[in-house]
Amino acid sequence: QVQLVESGGGLVQAGGSLSLSCAASGRTFSNYVTGWFRQAPGKEREFVAAINWSGSSTYYAESVKGRFTISRDNAKKMMYLTMNSLKPEDTAVYSCAIRTTSLPVNSPQGYNYWGQGTQVTVSS
């Protein structure tokens with residue numbers, strides 16, 4: 001069993017930066033791929049970034065590649081998403097999740113544990 005809690009969301013101007021944190025509790029965390037997803041108003045949930053257990057492999061959506069950085073600290077059971085050069089289209093509720101299946105890392109269906117989400121709003 002794993003519980004996830006996101007924090008760090010807020011309002012930021014376009015071009016600015018924001019860092020999100022995801023705190024995990026429970027035994028399951030270190031051996032799994034973890035990721036960030038987002039859902040904007042009127043749109044379906046989309047993949048943002050993922051990272052494997054050791055941090056040696058990262059995956060990014062094309063829309064955020066080069067701007068966002070995902071990282072994790074297994075000892076602290078924490079995951080982070082650093083967002084730079086934010087754009088209005090980045091506005092969404094961001095959720096962290098843990099993948100427990102062999103489905104593609106960008107598939108929401110492959111993740112079985114989810115946080116409640118944190119709102120990120122980027123103004124023009």
Main-chain N/O of K77 paired to N74 side chain as donor or acceptor, under 3.5 Å: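 Here the side-chain-to-backbone pair does not exist.
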Sidechain-backbone polar pair: Y94 side chain, V48 backbone, donor-acceptor under 3.5 Å: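 Not confirmed, Y94 side chain does not pair with V48 backbone.
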Residues in side-chain contact (heavy atoms from CB on, under 4.5 Å) contact with A50, at least two apart in sequence or another chain: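 Only V33, F47, Y59, V105, Y111 meet the side-chain contact (heavy atoms from CB on, under 4.5 Å) criterion with A50.
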What distance separates [X] [atom1] from [Y] [atom2], expressed to the nearest 0.5 Å?
| X | Y | atom1 | atom2 | value |
| --- | --- | --- | --- | --- |
| L81 | T118 | CG | OG1 | 11.0 Å |
| I51 | W36 | CD1 | CH2 | 12.0 Å |
| T101 | Q109 | OG1 | CD | 9.0 Å |
| N52 | R99 | CG | CZ | 10.0 Å |
| Y60 | I70 | OH | CD1 | 6.5 Å |
| S71 | M79 | OG | CE | 9.0 Å |

How about W114 and F37: are their ring centres within less than 6.0 Å of each other?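 Under 6.0 Å, so yes.
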Partner of I98 by side-chain contact (heavy atoms from CB on, under 4.5 Å), out of N31, T34, N112: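 Running side-chain contact (heavy atoms from CB on, under 4.5 Å) over N31, T34, N112 with I98 returns exactly one hit, T34.
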Knowing that exactly one of M78, R72, E6, Q116 qualifies, which makes a side-chain contact (heavy atoms from CB on, under 4.5 Å) with C96?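 Single pass found, and it is E6.
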Regarding Q13 and S123, is there a side-chain donor-to-acceptor distance under 3.5 Å anywhere?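 Looking only at side-chain atoms, S123 and Q13 do not form any donor-acceptor pair under 3.5 Å.
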Can you name the side-chain hydrogen bond (donor to acceptor under 3.5 Å, both in side chains) partners of S17, sequence neighbours left out?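 Applying side-chain hydrogen bond (donor to acceptor under 3.5 Å, both in side chains) to S17 gives N84.
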With a 4.5 Å limit on heavy-atom distance, are the side chains of L20 and Y80 in contact?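 Of all side-chain heavy-atom pairs linking Y80 with L20, none is under 4.5 Å.
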Is any side-chain heavy atom of T100 closer than 4.5 Å to one of Y32?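 When only atoms from C-beta onward are counted, T100 and Y32 do touch, with a gap below 4.5 Å.
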Please list every donor-acceptor pair under 3.5 Å in which a side-chain atom of residues 86-93 meets a protein atom from a residue at least two apart or in another chain.
| unit_1 | atom_1 | unit_2 | atom_2 | d |
| --- | --- | --- | --- | --- |
| D90 | OD1 | R38 | NH1 | 2.9 |
| D90 | OD1 | R67 | NH2 | 3.0 |
| D90 | OD2 | R67 | NH1 | 2.8 |
| D90 | OD2 | R67 | NH2 | 3.4 |
| D90 | OD2 | K87 | N | 2.8 |
| T91 | OG1 | P88 | O | 2.9 |
| T91 | OG1 | V122 | N | 2.9 |
| T91 | OG1 | V122 | O | 3.4 |

